[in-house]
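Counting starts at 1 for both ligands and their atoms, in listed order. Positions are given from 1 along the sequence. If you're wondering where the values come from, they're calculated on a predicted model, not measured in any experiment.
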Amino acid sequence: MPKSFHPPQRTLLGPGPSDVSPRVLEAMARPTIGHLDPLFVAMMDELKGMLQYAFRTQNALTLPVSAPGSAGMETAFVNLVEAGDQVIVCQNGVFGGRMKENVERCGAIPIMVEDAWGQPVNPNRLEDTLKAHPGVRTVAFVQAETSTGVESDSRTLVEVAHRHDCLAIVDAVTALAGTPVEVDKWGIDAVYAGSQKCLSCTPGLSPVSFNAAAVERIRKRTHKVQSWFLDLNLIMGYWGTGTKRTYHHTAPINALYGLHEALVMLQEEGIENAWARHQRNYEALRDGLEAMGLTLLVEPAHRLPQLNAVRVPEGVNEAAVRDALLNDYSIEIGAGLGPLAGKIWRIGLMGQASNPRNVCILLSALENILSAQGHSLDRGAAISAARAALVGMATEPFG
Ligand SMILES: *Cc1c(COP(=O)(O)O)cnc(C)c1O
């Protein structure tokens, strides 16, 4: 007879999921109640308010889709794009490729703006492409490309899209709560995120937000959204305002308790403080890695503090290092994807996992493993550099 499954305690320093706080896990173990129970509905309203806080928006259409980040992506595309539309997709890594797939599956025509993996989306190239294709109505890009550790300039890209009367769809799955995502200030029309990256909740939920222009686009659709489950017109019957909620699907009750708790923790810390914490721990990690003779893939100006792409040094076996981290230290980091496979490691410092202790544990484990593999390094230098960075840092939030 199969026995209960008891996973080990890992330290999750990969591209997601990130470490989940015991507070979130405890919240998820509370009693399941009905999805139309008035107490549950009140919890949903509070959850919505906290998502508006995280997205920095007043958008009424802000809610968690009952499925992972990929479903948030699909929600944005199936609701805003119609068959025959031309959509510009900016691609500089894995997730732009998935956006292209979504556009095609909506029966629309993707027009690609491509940048090298490891580079941010180039706003000038976007502008030129918009000028060359005056029929385009939608622009989509990834703010935080988890496959490469690059941040693109959302504010500028949205501005360019709006200059050409396009709606902007922004992937903020890895960005949200790790680095600023200013939905209202930047005028982002549609945005989606994930519960398991910098929000440090369990995987399986995708917070989304749509502004008035996006809602107007949905209202004026000439054909029904082809996905019944992700049709926002129907979902709003359940997540909309007021006390009268209609059944759409059974909400993932306990998962939503978890997200609620993760968002309570974000509010307690203050989102600006969370951004500052991600930045500080990145700086400590960077100094430690550099002291070990390692280099980061991305130019300093475009680096994500929550996802660090580290070049695998000459003569080191990339996969063997990850295996040793997992088996001997119970630490998970990520591998490179696509053209970067075998060339980089992806070290995440996301959400709860972004803390000085994890920086030091990882550096020390990596030092042992790399030196056993014959990579010459100055023992102890990495921890000293990281400690020096942490001690020298101001702790107040970024202004
Ligand atoms: C993780 C991720 C996704 C997909 O999220 P899932 O929860 O795995 O479906 C989409 N976009 C980006 C940038 C991501 O990092």
Side-chain angles (χ1 to χ4, degrees), residues 12-20 24 51 54-55 63-78 89-103 105 115 117-121 140-154 157 168-181 188 190-209 227 229-230 252 255-256 258-259 262 278 297-298 302-309 332-338 340 344-351 353-354:
L12 299 178
L13 303 180
S18 64
D19 286 345
V20 178
V24 170
L51 284 178
F55 277 126
L63 57 93
V65 171
S66 302
S70 304
M73 179 187 287
E74 195 144 340
T75 302
F77 284 93
V78 298
V89 173
C90 305
Q91 181 174 12
N92 60 340
V94 165
F95 293 99
R98 296 209 181 159
M99 287 177 151
K100 179 180 184 224
E101 275 285 327
N102 270 276
V103 170
R105 285 165 196 237
D115 281 287
W117 290 43
Q119 295 292 323
V121 173
F141 65 88
V142 179
Q143 181 175 329
E145 203 12 290
T146 322
S147 60
T148 64
V150 164
E151 178 158 39
S152 289
D153 181 354
S154 255
L157 294 170
I169 297 176
V170 179
D171 178 320
V173 175
T174 282
L176 190 71
T179 199
V181 179
I188 295 171
V191 62
Y192 57 89
S195 49
Q196 79 278 27
K197 310 237 173 159
C198 297
L199 291 174
S200 267
C201 185
T202 50
L205 293 170
S206 178
V208 299
S209 186
S227 163
F229 186 66
L230 299 175
L256 291 171
L259 182 60
H278 282 88
L297 173 79
V298 179
H302 308 299
R303 281 181 198 159
L304 285 168
Q306 61 272 54
L307 199 286
N308 298 275
E332 178 178 276
I333 66 166
L337 300 172
L340 297 172
I344 60 165
W345 293 297
R346 290 182 300 150
I347 302 176
L349 288 175
M350 295 183 181
S354 174

Check whether Ser152 reaches the backbone of Pro120 with its side chain - one donor and one acceptor, N or O, closer than 3.5 Å. no
Side chain to side chain contact (heavy atoms under 4.5 Å, CB included) partner of Gln143, the single match among Val173, Asp171, Thr179, Leu157: Thr179
Do Val298 and Glu145 have side chains that approach each other closer than 4.5 Å (heavy atoms only, starting at C-beta)? no
Can any side-chain N or O of Gln91 pair as donor or acceptor with the backbone N or O of Gly93 at less than 3.5 Å? yes
Set of residues that line ligand 1, where lining means a heavy atom lies under 4.0 Å from it: Pro68, Gly69, Ser70, Phe95, Val142, Ala144, Thr146, Asp171, Val173, Thr174, Gln196, Lys197
For the pair Arg346 (side chain) and Ala309 (backbone), establish whether a donor and an acceptor sit closer than 3.5 Å, ignoring hydrogens and angles. no
Between the main-chain N or O of Ala67 and the side-chain N or O of Ser206, is there a donor-acceptor pair closer than 3.5 Å? no
